[in-house]
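Notes to accompany the following structure.
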Amino acid sequence: MSNYIPTIGVEVHVELKTNTKIFSPSVNGYGQMANSLTNVIDLGYPGTLPTLNEEVINLAIKACKVLNCKIRNKINFDRKNYFYPDNPKNYQITQFDTPIGYDGYVEIEVDGISKKIEIEEMHIEEDTCKSTHRNNKTLLDFNRAGVPLIEIVTKPCMSSSKEATLYLEKLKELLFYSDISDCKMEEGSMRADANVSIRKCESDPYGTKVEVKNIGSISNVGVAINKEIERQEKLYESGESFKEQTRRYDDKLGDTVLMRVKETGNDYRYFPEPDIPYVYITDEMISNVEKTIPMLPDERRSKYVELGVSPFKANKLVNNRILSDYFNTLLDSNINFDIASNLLLGDISGYLNKEEKVITDTTLTKERFIELVNNIDDNTLTSRNLKDILSKVLESNSSIKDIIEECGIKNITDDDKIRKVITNIINNNPDSVSDYKAGKDRAIKYLMGQVMKETKGSINPKMANKILIEELNK
Amino acid sequence: MEDKLTKEEVLHVATLARVKLTDEEIEKYRVELKQLLNEVEKINDVEGYDKERMIAPWSDNTTLREDKSSDMLDPKEVIKNAPKHSGNYIEVPVVIGESEGA
Amino acid sequence: MYLDKSIKEINNLLKNKTIKPIDLVLEAFDNIEKNKDLNAYITLNKEEAIKKAKELENKEVDNILFGLPIAIKDNIVTKDLKTTCASHILDNFIPIYDATVVEKINDKSMIIIGKTNMDEFAMGSSSRTSYFGAPKNPLNKEKISGGSSGGSATTIAAKDLLFALGTDTGGSIRQPASYTGIVGMKPTYGRVSRYGLVAFASSLDQIGPMTRNVYDNALLLNAIVGKDPKDLTSSSKETEDFTRLIGEDISNMKVAVPNYFMSDIVSDEVKDKIKETIKILENNGVSVDYIDMKYLDKAMILYQIIAMGEASSNLARYDGIRYGHPIDNPKDIEDLYFSTRAKGFGDEVKRRIMVGSYLLSGDNAKTYYNKALSIRDDIKKEFSKVFEKYDLIIGPTTTTTAYNLDEDMDDPLKSFMDDVLVIPVNMAGLPAISIPVGKASDNMPVGLHIIGNSFDEATIYKLASFIEKKVGEIYE
């Protein structure tokens with residue numbers, strides 16, 4: 001076991017889901033022909049000036065709210081000056097002195113204990129252009145130049161890769177659920193960098209910090225952090241010191257690789273962007289944005305559990321946003337939510353996956369779904385019946401009642417009828433009855449099998465089981 | 001006060017500004033840049049000013065742009081002024097990695 | 001010659017079809033050809049201008065600027081017309097869009113004749129930092145025309161045409177106007193859109209009209225102002241007719257003369273001319289007070305910090321990648337940056353972007369740039385205080401008359417000192433004009449500087465046109 005305490009901070013860049021870029025009216029899009037989504041502003045042409053996309057400010061406010069950040073009411077932008085071919089003006093417009101959000105947190109649960117991951121600040125900035133390297137040349141595509149980003153910086157408050165990955169999963173879920181970003185790490189719309197250092201004990205100063213960049217998935221963030229902790233431990237153990245540095249995660253090697261050793265402070269020559277005067281974030285703007293925030297994942301989970309859904313299924317529902325949104329439309333109705341969640345996660349999901357559809361593509365309106373749940377709840381339909389009529393339920397507009405009639409489903413729901421069938425079977429199987437009396441559980445299973453066979457499945461198994469035990473105990 | 005910058009100081013600012021200098025130019029700028037810097041040093045003598053910063057002299061509340069697209073260029077226009085290009089891409093000598101910025 | 005007539009006469013001649021726009025265009029090109037040695041232009045737009053003039057023949061003469069030739073400073077971008085900023089690094093640059101002011105000029109059916117010479121990226125005060133050589137002062141070809149809008153001042157003073165646009169970051173319209181005896185206005189910061197003006201110092205730059213007389217100047221300003229959604233620093237102030245107060249009674253106006261503007265830094269001859277003008281005003285019922293103003297003597301330092309700081313960032317984009325003029329066969333990306341910029345920029349530009357980079361580096365941004373922004377706010381407040389009591393502030397535009405072209409260029413402070421009287425105005429973002437008020441013993445013009453309150457250009461024009469008339473009477 002390790003003798004060192006890791007300290008981890010995470011910086012996340014998230015591309016905002018807007019129609020247009022932050023400082024120009026070019027389309028914000030992914031996967032299009034090179035240099036087809038640009039204009040003179042994105043290219044940094046002489047004489048061009050930035051304008052500021054309203055939706056960027058709104059989404060940033062939303063992110064502040066969702067991440068429990070305080071919102072600054074007067075912000076400005078700053079120029080970060082550095083020469084790089086992917087930086088068209090050779091300065092990036094970002095926020096330095098007045099980040100829009102600060103002092104926020106995200107709550108995670110680590111091994112059953114909840115922990116607040118503190119957010120130092122959140123600021124708005126523009127993305128760089130995309131470079132590809134080919135035959136000793138670098139090719140520039142400016143479609144990404146000027147795509148709006150928010151950068152979310154935590155305090156160095158995490159002590160394991162597990163906390164970091166839980167934080168990222170939670171962050172992703174929150175931003176995705178509130179329509180702030182697609183959060184697709186594979187397309188780069190969410191990018192995470194981790195700052196890792198280790199020290200012997202809490203009272204020591206922080207160890208030398210290493211930044212790990214270019215990590216392509218949340219699970220790899222965990223791997224990269226562990227690898228980095230291991231590497232630093234080895235160095236300290238062998239008495240070697242090292243400099244503050246930036247490393248990148250190499251997926252093929254499964255390890256971090258040195259990119260550059262930090263020079264004595266990068267000289268970005270920040271100064272206030274004179275082309276964009278102060279922006280005032282008013283209470284009205286904030287309350288308008290608040291109205292657009294949907295119910296967030298944690299609230300959904302606890303609400304579902306409250307209504308009788310198991311925590312496991314509640315979580316499964318929340319993991320599928322479209323199903324969860326659908327489920328949310330039912331919350332004010334008086335139905336059996338356990339059955340509703342079973343239906344959505346079970347047969348219906350199975351059908352949708354097979355057909356490569358989502359629930360909103362089907363004909364299952366809220367009203368028809370409620371009818372379906374109630375028919376199962378009062379035993380009119382069994383799960384076996386459901387399999388037979390599922391395609392009609394999801395693809396026709398007939399009421400559930402009509403479908404049941406049309407398919408000739410007539411389940412035995414009459415208590416007396418069931419009791420008659422069961423007494424018959426008990427009388428014909430005296431051996432099993434004595435087995436049952438002798439405490440052999442499998443006798444019940446056998447007898448139930450006989451009951452279902454006799455009724456060709458048109459009977460509610462729970463009900464039959466209950467009556468069978470009653471009769472056996474007589 | 002020394003009336004010249006050191007060679008290193010001149011090279012430092014030339015690097016920040018990405019300007020290559022000849023030895024002759026370095027010598028010249030050691031004097032000239034120092035003259036300019038001595039001048040701006042005088043700001044340290046100003047006292048009793050208000051802390052409010054004026055970013056731009058005009059202080060209308062910033063008008064935000066509606067999130068609607070317009071005014072895009074054809075890729076052919078993008079490469080029109082570019083000294084080097086390859087297909088629709090603008091070309092530069094090979095650069096390793098991505099920038100610090102984002 | 002038609003271009004010697006007043007704007008109203010020309011407009012009537014166009015309306016009654018005595019002349020056509022092409023006559024004006026050809027006359028302007030004739031004049032420019034005759035005055036070729038003045039080096040006022042970097043690029044002429046002859047073919048397109050003639051084409052446009054012919055197209056206009058079928059159009060109704062719908063406004064007073066219709067069909068009139070105009071010259072544009074070469075740091076304002078014009079679609080398909082080379083725009084160099086008088087720099088080697090952009091000497092092949094063909095913009096793919098029009099500046100907002102150019103669109104406005106086109107909306108008025110004015111005809112762009114060419115792009116005027118200037119200091120490289122507008123950095124300088126004599127237009128001698130131009131990659132294409134300095135323009136000459138039409139009043140004495142041994143002298144500078146001033147700068148940075150030297151070419152625009154030259155072509156107006158040479159009477160090539162009636163209208164030109166200049167830009168003013170630290171006096172670059174008013175100072176050359178003063179040196180060449182024309183009228184040059186820097187409007188309030190935010191009056192005119194900067195979209196398409198190649199940035200030198202973003203928080204200071206402003207486009208303005210340069211003309212032979214005050215009335216024409218106000219007309220051209222009418223045409224170019226207005227809120228531009230493409231420029232967040234442009235003001236939503238209502239547009240107005242800037243000629244509306246011209247000719248109105250000026251008695252009872254209150255004018256302030258800051259003592260600093262009449263101190264030892266100004267030559268006696270210039271001061272004498274200004275005093276003569278003040279006498280005229282007083283004789284016509286204007287009350288003139290000499291006042292003390294704080295910070296005026298500090299404006300130069302702030303200007304240097306803010307302008308060089310912003311310039312170092314604004315000029316970072318010239319790397320020869322997306323446009324411009326790179327070196328051949330760079331060894332690597334750093335060589336492309338360092339060598340392209342070494343070759344592409346002139347001495348003054350290099351000096352300023354190096355110092356500007358220094359001023360923003362490390363903790364310096366706090367010590368210099370941020371502090372300068374704070375003091376800048378105080379300068380603005382200081383001016384506001386004066387405008388509570390006075391309608392206008394006046395003084396000389398320049399400390400001397402135009403000096404010789406061959407005067408030493410190596411003093412890095414000289415180009416700033418030429419603008420010491422006009423720079424405070426840019427710090428406060430105020431409107432100000434320079435108008436000629438006679439000549440000194442060297443037979444070179446002296447300019448009167450009239451500063452107004454924010455967005456009060458109309459009052460400046462009112463007094464300016466009165467003085468123009470009175471001074472005219474004296475010289476006739």
Side-chain angles (χ1 to χ4, degrees), chain A residues 13 18-20 24-27 33-40 43 51-57 76 80-87 90 92 94 125-128 131-134 136-142 149 151 191 214 248 259 266-269 272-280, chain B residues 8-21 37 40 43 50-102:
Chain A
H13 283 93
T18 55
N19 297 324
T20 64
S24 93
S26 303
V27 168
M33 192 210 301
N35 288 318
S36 64
L37 305 179
T38 71
N39 71 9
V40 284
L43 293 168
T51 54
L52 184 53
N53 183 348
E54 186 179 26
E55 189 60 10
V56 171
I57 299 296
N76 66 273
K80 179 178 182 178
N81 293 284
Y82 65 96
F83 283 82
Y84 217 83
D86 67 7
N87 184 17
N90 287 321
Q92 180 198 27
T94 176
E125 60 185 28
E126 60 180 327
D127 211 343
T128 54
S131 26
T132 359
H133 311 293
R134 196 186 295 162
N136 219 27
K137 297 281 178 211
T138 291
L139 304 178
L140 304 174
D141 171 10
F142 291 80
L149 295 174
E151 182 174 351
R191 312 197 273 273
N214 200 24
R248 67 183 170 83
M259 278 172 86
N266 274 310
D267 201 344
Y268 289 128
R269 287 162 287 142
E273 166 59 275
D275 290 330
I276 308 176
Y278 289 110
V279 180
Y280 296 87
Chain B
E8 289 67 35
E9 286 170 319
V10 171
L11 285 174
H12 174 65
V13 294
T15 302
L16 288 177
R18 294 293 189 280
V19 180
K20 190 170 167 178
L21 299 181
L37 290 173
V40 299
I43 194 167
D50 195 340
K51 285 276 179 284
E52 181 74 17
R53 291 187 306 186
M54 184 205 274
I55 289 183
W58 170 243
S59 57
D60 244 1
N61 202 344
T62 298
T63 345
L64 304 176
R65 167 172 51 80
E66 206 187 328
D67 190 19
K68 267 166 63 182
S69 64
S70 64
D71 293 341
M72 288 209 286
L73 293 173
D74 189 278
K76 287 196 176 56
E77 286 180 287
V78 175
I79 55 172
K80 193 177 155 197
N81 276 301
K84 289 211 176 271
H85 59 88
S86 165
N88 284 345
Y89 292 91
I90 292 177
E91 192 182 293
V92 289
V94 75
V95 189
I96 306 300
E98 298 231 323
S99 71
E100 288 275 301

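Chain naming here is simple, since letters A, B, ... match the order of the sequence lines and numbering starts at 1 in each.
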To the nearest 0.5 Å, tell me how far [X] [atom1] sits from [Y] [atom2].
X	Y	atom1	atom2	result
Glu77(B)	Thr38(A)	CD	OG1	9.0 Å
Asn19(A)	Glu66(B)	CG	CD	9.5 Å
Met54(B)	Tyr278(A)	CE	OH	10.0 Å
Ile90(B)	Lys137(A)	CD1	NZ	14.5 Å
Glu91(B)	Leu139(A)	CD	CG	6.0 Å

*asked:* If you count heavy-atom pairs within less than 4.5 Å of chain B, which of Ile276(A), Asp275(A), Leu52(A), Leu140(A) leads?
replied: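 Of Ile276(A), Asp275(A), Leu52(A), Leu140(A), Leu140(A) has the most heavy-atom pairs under 4.5 Å with chain B.
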*Is there side-chain contact between Leu43(A) and Asn81(B), with at least one heavy-atom pair below 4.5 Å?*
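Sidechains of Asn81(B) and Leu43(A): no contact.
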At their closest point, which heavy atom of [X] faces which heavy atom of [Y], and how far apart are they?
X	Y	value
Asp71(B)	Asn39(A)	O-CB, 3.1 Å
Ile55(B)	Pro272(A)	CD1-CB, 3.7 Å
Asn53(A)	Arg65(B)	CB-NH2, 3.5 Å
Ser69(B)	Val27(A)	CB-CG2, 3.6 Å

_Asp67(B) side chain vs Thr20(A) backbone, donor-acceptor pair below 3.5 Å_ =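 It does hold such a pair.
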*Would you confirm whether Asn35(A), through its side chain, and Asn88(B), through its main-chain N or O, come within 3.5 Å as a donor-acceptor pair?*
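Indeed, once roles are kept as given, a pair shorter than 3.5 Å links the two residues.
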At a heavy-atom separation under 4.5 Å, does [X] approach chain B through its side chain, its backbone, both, or neither?
X	value
Ile57(A)	side chain
Val56(A)	neither
Pro85(A)	side chain
Thr132(A)	side chain
Arg269(A)	side chain

*Kindly check if the number of other-residue, nucleotide or ligand heavy atoms within 6.0 Å of NZ (Lys68(B)) is above 12?*
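It does not: Lys68(B) NZ has 12 such atoms or fewer within range.
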_Stepwise side chain to side chain contact (heavy atoms under 4.5 Å, CB included) check, Arg53(B) with Asn76(A)_ = CA-CA 11 Å; Arg53(B) 291 187 306 186; Asn76(A) 66 273; 3.7 Å; yes
*Part of Leu16(B) lying under 4.5 Å from any heavy atom of chain A*: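 Contact with chain A: backbone and side chain both.
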